[in-house]
Structure formats: C-alpha cells, structure tokens
Amino acid sequence: SQSGEYESLASIGYKKSTNLNDIERFNEVYQFLLKNFHNDITLEEVANICSMSPPSFCRFFKQKTQKTFTLFLNELRIGHAKKLLQNENYSIKDICYECGYNNPVHFFSFFKRIVKQTPKAFRESLYKMSNN
C-alpha cells in the first residue's frame, strides 16, 4: 500500500453508469417478487412492471443480477422453502405449494440443483445439527 508502483484499473474519466431509473425499475420488480413469489408469475407480467418487452426485460435483469429471471425466482422460492423446512409440522409437499411450485417434481429438481441435496436430506441435516 505504500509502494509508488501502481497501475490504474480504470481511466480518470471512467464513471460507473448507475441510472436512477434502472434502480427504481429493479426495486419495483424485486418488491413484486418478494410479495408474489408464492403465486404463478409470468415473464410478461414482470416485464410490464418495467414497461419493457419480455426479451428487453430479460437482458435488463441479467445485466443487473448476473442471473436469469427464472434462476433468480427459483432461488427466492427455494430460500423460502429452506426456512419452512426448519418447521417439521409442514410436509415437504405442502412446502412445495407454499413456495409457488405447482408440481412437486419441479420443486425437488430446483431444490436439488440449488441446494445440492433433496429437501428431505436438507431437513434431516437441520435436525442432526440441532441435536448436536
């Protein structure tokens, strides 16, 4: 940190382009997703929030999050499922529907892809940790 030898990573004129309108658009989408992730959500519905076409929205969303809209929504749903799995009173099938999935097979597939284990194995690992 005290060396006189350094190389700039960006030119003096570099300015990160942060568009306030883009931030507001993204926040509207994010708030909508937080309130409605447990319902069916279409790409068209979310694109309309931003007054964009679905392809434009997909590019915008990926640019802002480095994730596809579908992956982001599934990560949000699976995060909620992980919280619900802590309560053994909920069946895994009930959790599936509570998180916005209409098909348990899709739920299990996305859960395993994101968490790297099945919902049942995840719940069992929580139980083992709490008993140690």
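One-based numbering along the sequence shown. Values reported hereafter were calculated over all heavy atoms of this structure, with side chains retained and with hydrogens, waters and symmetry mates removed.
- Taking the six-membered ring where the residue is Trp, Y30 and F26 present parallel rings, their angle staying beneath 30° rather than reaching 60°.
- One finds the NZ atom of K67 at 11.0 Å from the NZ atom of K62 (value rounded to the nearest 0.5 Å).
- Two residues are said to be in side-chain contact when any heavy atoms from C-beta on lie closer than 4.5 Å; L33 and F72 meet this criterion.
- When all heavy atoms of N89 and N87 are compared, the closest pair comes out as N-OD1, 2.8 Å.
- Counting all heavy atoms, side chain and backbone alike, E44 lies closest to P54 at CG-CG, 3.9 Å.
- Contact detail for Y97 and N102: the closest heavy-atom pair is CE2-O, 3.5 Å.
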Please evaluate residues F61 and T70 with respect to the criterion side chain to side chain contact (heavy atoms under 4.5 Å, CB included), reporting the C-alpha separation (whole Å), side-chain torsions for both, the decisive distance (0.1 Å), and the verdict. CA-CA 10 Å; F61 196 87; T70 304; over 6 Å; no
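- Under the 4.5 Å side-chain contact rule for hydrophobic residues, L34 and L43 share a cluster.
- Nearest heavy atoms, C96 versus P104: SG-CA, 3.6 Å.
- Counting heavy atoms from C-beta on, the side chains of R123 and I95 come closer than 4.5 Å.
- With rounding to the nearest 0.5 Å, the separation of CZ in F37 from CD1 in I41 is 9.0 Å.
- Side-chain contact between E98 and H80: present, with at least one pair of heavy atoms (C-beta onward) separated by less than 4.5 Å.
- By the rule that hydrophobic residues join a cluster once side-chain heavy atoms approach within less than 4.5 Å of another member, L126 and F107 end up as members of one cluster.
- From F60, atom CZ reaches atom OG of S53 across 12.5 Å, with rounding to the nearest 0.5 Å.
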Please evaluate residues F57 and V29 with respect to the criterion side chain to side chain contact (heavy atoms under 4.5 Å, CB included), reporting the C-alpha separation (whole Å), side-chain torsions for both, the decisive distance (0.1 Å), and the verdict. CA-CA 10 Å; F57 172 76; V29 169; 3.9 Å; yes
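- Contact record, K82 with V115: CD-CG2, 3.8 Å, taken as the closest heavy-atom pair.
- Rounded to the nearest 0.5 Å, atoms CG (L85) and OG (S125) are 9.5 Å apart.
- Y90 OH: 12 or fewer foreign heavy atoms inside a 6.0 Å radius.
- Two residues are said to be in side-chain contact when any heavy atoms from C-beta on lie closer than 4.5 Å; F111 and I92 fail this criterion.
- Cluster annotation: L73 and I78 are assigned to distinct hydrophobic clusters (Ile/Leu/Val/Met/Phe/Trp/Tyr, side-chain heavy-atom contacts under 4.5 Å, transitive).
- At a threshold of 4.5 Å between non-hydrogen side-chain atoms, the residues R25 and M52 count as touching.
- Sparse packing is recorded around NE2 of H106, with 12 or fewer heavy atoms of other residues, nucleotides or ligands lying under 6.0 Å away.
- L76 contributes atom CG, which lies 10.0 Å from atom CD1 of I114 (distance to the nearest 0.5 angstrom).
- Residues M129 and F122 share a hydrophobic cluster, clusters being chains of Ile/Leu/Val/Met/Phe/Trp/Tyr side chains in contact below 4.5 Å.
- We find the CZ-CG distance between F110 and L71 to be 8.5 Å, quoted to the nearest 0.5 Å.
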